[in-house]
Amino acid sequence: MPTSSAPGKVYLFGEHAVVYGEPAVPCAIERRVRATVERRDDGRVVLDAPALSFDGVTVEYGAGDPALSTEPALTAEPARVRRAVRYVDAALASAREVAGDETVGFDVSIDSDLPIGAGLGSSAAVTVASLDAAARACDVELDRATLADRAYQVEREAQDGQASRADTFCAATGGAVRVEGDDCRSLAAPSLPFVVASDGGAGDTGALVAGVRRLAEAYPFAADTIGAIGDLVRRGEDALAAGDVEELGRLMDVNHGLLSALGVSSRSLDELVWTARDAGALGAKLTGAGGGGCIVALDPTDATERALALAPACETTFRAELADEGLERE
Ligand code: MEV
């Protein structure tokens, strides 16, 4: 049974603006989503994914009242469950296409040590890992470029046509990458002392991307803010090439301010960012789509991680290593 895994990522710079063709620099982190896939000849898909949270499923039963049934009744809100599995579903459709077999079914099992839906690229990692494992289950081995491209098409479809290549390319390739429109490449990067913290929430990427689009269409200065993020990323690339970690931190702070101006931060993300800065981090910003989820800070000491662990807004915090490998096959 083929198992494929793909890493999550943090954005050093450039989320949201990358959707408008500005450059972005995501970095893969050593936390992975693993997909194990076996083909089924009865055309069914059976998904076992304890790692995905199926928001919208409720279980109801009586707690001892003899008038109530003690048999658990499961109800699901179909739209929300469908939203949770749409990346896997679209990835399997893509695998069927490369296999040239439109009716093949799959047993899919997904597990993850990456927080899901928290802005750490879990949907791209789920997409890359499940597409690759499903293709292998059909005896097709995809090269990295094809895998990254197909995973991008899957993400775009799952996000109603709004996605950049950044997350899926980073998950397929690993390391630090630079993405500008269709141009995706790997970057040399010094060791970066990432600290990640989550507020336990999860933003809806599609809705947040659509919100930025509405703002940019309504206000020219919001469109200028997107351009300013692009300028900042270009400065950040120079700092990365020079290994100037202090400058990277300063630019992360500015990037967070610009993302706030686009309306994608939140009270708890701001609180985590300020906790990190107060603890002496070199810089801190939200990472990913925002609205809730994760921040990333730079700190070579353990002061930021200790302060974040005590912050009321923080659900979990950890140090993240750059993952040199993207897709891995077992
Ligand atoms: C989400 O991880 C990153 C966004 O820029 C959307 C995208 O690039 O597809 C918000």
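When a ligand or atom number is given, it counts from 1 through the structure's own listing order.
- For the pair R144 and F169, the cation-pi test (distance below 6.0 Å, angle within 45°) is failed.
- Salt-bridge check for R34 with E328: failed, with every basic side-chain N at 4.0 Å or more from each acidic carboxylate O.
- For ligand 1, the atoms lying closer than 4.0 Å to a non-hydrogen atom of H16 are 4 (C), 5 (O), 10 (C).
- Within ligand 1, counting atoms from 1 as listed, the ones closer than 4.0 Å to a heavy atom of V18 are 5 (O), 8 (O).
- Atoms of ligand 1 found under 4.0 Å from any heavy atom of A163, numbered from 1 in the order shown, are 9 (O).
- The contact set between ligand 1 and E15, taken as ligand atoms under 4.0 Å from a residue heavy atom, comprises 5 (O).
- Comment: R267 does not engage D270 in a salt bridge, judged by the lack of any side-chain N to carboxylate O separation of less than 4.0 angstrom.
- Proximity to D167 (heavy-atom distance under 4.0 Å) selects the following atoms of ligand 1: 1 (C), 2 (O).
- The existence of a salt bridge linking R235 and E237 is excluded, since no basic side-chain nitrogen approaches an acidic carboxylate oxygen closer than 4.0 Å.
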Given side chain to side chain donor-acceptor pair (under 3.5 Å), test R136 with S4 step by step and report yes or no. CA-CA 9 Å; R136 287 167 66 210; S4 302; 2.9 Å; yes
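- In terms of polar-atom proximity, defined here as any N/O pair under 3.5 Å, S164 does make such a contact with ligand 1.
- Shortest contact from atom 3 (C) of ligand 1 to any protein heavy atom: Y11 OH, 3.6 Å.
- Among pairs with a residue in residues 273-286, those fulfilling side chain to side chain donor-acceptor pair (under 3.5 Å) read E15-K285, D253-R277, at least two apart in sequence or across chains.
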